[in-house]
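As the structure lists them, so they are numbered: ligands from 1, and atoms in each ligand from 1. The chain is numbered in sequence order, starting from 1. This is a predicted model, so every value here is computed, not measured.
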Amino acid sequence: MYIIQNGTLVSSEKTWQADLALEDGRIAAVAPAIPAAPGDQCLDAAGCLVFPGFIDPHTHLDMDNGVTVTAGDFPSGTLAAVCGGTTTILDFATQDRGGTLAQALERWHAKADGRSSCNYGFHMAVTGWNESTRRELRDMIAAGVTSLKVYLAYDALRVDDGALLDIFQECRALGLQIGCHCENGDIVNLLQRWELAKGNRGPAGHPASRPPAAEAEAVARCCRIAAMADCPVIIVHLSTEAGLEALNYARNIYDPPMWAETCPQYLFLNESRYGLPGFEGAKYVMSPPLRTDEDRWEIGRALLNNEIQTLGSDHCSYNFAGQKELGREDFTKIPNGIPGLEHRPALLFSEYTGGAGLTPEQMCRILSENPARLYGMYPQKGVLAVGSDADVTVWDPEAVWTITAAAQHHKVDYTPYEGMTVTGRARAVFVNGVLAARDGEPVQTGLGRYVFRRTLDEKDKRDLGYPINVLEFTTTI
Ligand code: URP
Ligand code: ZN
Ligand code: ZN
């Protein structure tokens, strides 16, 4: 048995002083004082916050974008995850155009099984919608894959509006969750051509071709189509005030739940990075792109207010040398995505506990409970309760350290947060009851297991909730 003593335990509703006993991969006891028996191991968590292990619901590891493969794979990405305090990730298995969902799932299992240091589950990105794909959805549920992603941008991945409605209908019927990448692909394609025609070939062409309106229009359309099918939807990587307004407008007039995710980059970085000298801006090319400070503040406010339910890293890493450089002459060829899996918890804690007033309860809701609930893992994960999985993040709120590429565990040659000094760090991280990392460094690798997820029931949907009628609308889409 492993006993975590003297810590402050955290749920989404309260903090309290208690010890935690971990045994056989489960939480065996939660009690004011758990005495150690001979053979037990103990960790003194005095001064620390003890969270249900953090869950990152949005990663892309070992992903081939058709031109190049992400620098980060499952061994390195999941190791980086536990070093930063994340005990479970949900990665995007992606259907090949013309391929089946079963093939994609098999490929992703081969990438992850026996090679992962944190627990992992898969969303299924549907890129080709037809009758056989429809039939395969039941097989996905039977395999523990209970969430899909669809793209409204990227020509190699996106589905049209008719397919979107059809997919929503199926998801509604089967109880599958569905996340949507909301950017208007036609508008992006046209604006990219315009930027290139104007001679804007560098990284600054990227945000210029993906304006807030391209996100807001797609959010509005996606929500309206989801409502036509009476299907709940998750807007992933929401980045703009305009997109949030479109979402809240839809929430106020349509029935099905509409949830949202944002990412650390949309809270802690801004669009000025695209103006960096030379080709440096390529390090920040991701979609949607970085936005203005006003967007950052509004998205942050919404996250703390539970208008946005989760914070995913959207970790999708490409080396600057040799990969980002593929777009040196043409910004549309810069591979989209940035690293962030390891640093997501520290960035949130450090930047938001001061002036923004993030409480431990909110941090637990955003990083643990909400993703567990939203993606069919609660109460197996997302809560410190007897019988739940023994995934635990012991958080030292006083640790001060500096993010650098040299010290990170991501397998990539830069970090967008280089030189940022942050407060708060994972003191100890347990995966399935075993100590996986300590003070940001690995202790034991390869502890991760596949997470078989269930579909959501009505209680899950009710419990997740979101505030409505909270905004005064300044624009109507
Ligand atoms: O730029 C990004 N975000 N790349 C990953 C794919 C996606 O859209 O999530
Ligand atoms: Zn996306
Ligand atoms: Zn993504």
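Looking from atom 4 (N) of ligand 1 to the surrounding protein, the closest heavy atom is N336 O, 3.3 Å.
Here the shortest heavy-atom distance to atom 7 (C) of ligand 1, taken over M63, M286, K149, belongs to K149. Ranked by closest heavy atom to atom 2 (C) of ligand 1, the top entry among G179, A125, A153, S287 is S287.
By the 4.0 Å heavy-atom criterion, H237 is counted among the residues contacting ligand 1. Contact analysis puts Y154 in contact with ligand 1, with a non-hydrogen atom separation below 4.0 angstrom.
Counting only N and O atoms by type, the side chains of T70 and S317 include no donor and acceptor under 3.5 Å apart. Using modelled atom types and a 3.5 Å distance limit, the side chains of E369 and S12 yield a donor-acceptor pair.
In this structure, the side chain of N370 engages the main chain of Q309 through a donor-acceptor pair within 3.5 Å. The backbone N or O of N248 sits less than 3.5 Å from a side-chain atom of N252, completing a donor-acceptor pair.
Within H58, the N, O or S atom at minimum distance from the Zn ion (ligand 3) carries the name NE2.
Sorted by chain and number, the protein atoms of type N, O or S within less than 2.8 Å of the Zn ion (ligand 2) are K149 NZ, H181 ND1, H237 NE2.
Side-chain rings of Y284 and Y414 stay apart, their centers remaining 6.0 Å or farther from each other. Between H109 and F122, a ring centre-to-centre spacing shorter than 6.0 Å is recorded.
Ring orientation note: the planes of Y450 and Y120 are tilted relative to one another, at an angle of 30° to 60°. Using a 30° and 60° split on the angle between ring planes, F54 and F51 fall in the tilted class, from 30° to 60°. Classification of the H60-F92 ring pair by plane angle, with boundaries at 30° and 60°, yields parallel. In this pair, F279 and F320 present their aromatic rings tilted. The plane angle is within the 30 to 60° band.
Between H181 and ligand 1, at least one pair of N/O atoms sits closer than 3.5 Å.
Near H60, meaning under 4.0 Å from one of its heavy atoms, ligand 1 places the atoms 5 (C), 6 (C), 7 (C), 9 (O). Which parts of ligand 1 touch D314 is read off a 4.0 Å heavy-atom cut-off, strictly below it: atoms 2 (C), 3 (N), 5 (C), 9 (O). Taking every heavy atom of C316 and a limit of under 4.0 angstrom, the matching atoms of ligand 1 come to 4 (N), 5 (C).
Contacts classified as ring-ring contact (aromatic ring centres under 6.0 Å, His included) and involving residues 152-178 (residues at least two apart or in different chains) are given here: Y151-Y154, Y154-H181.
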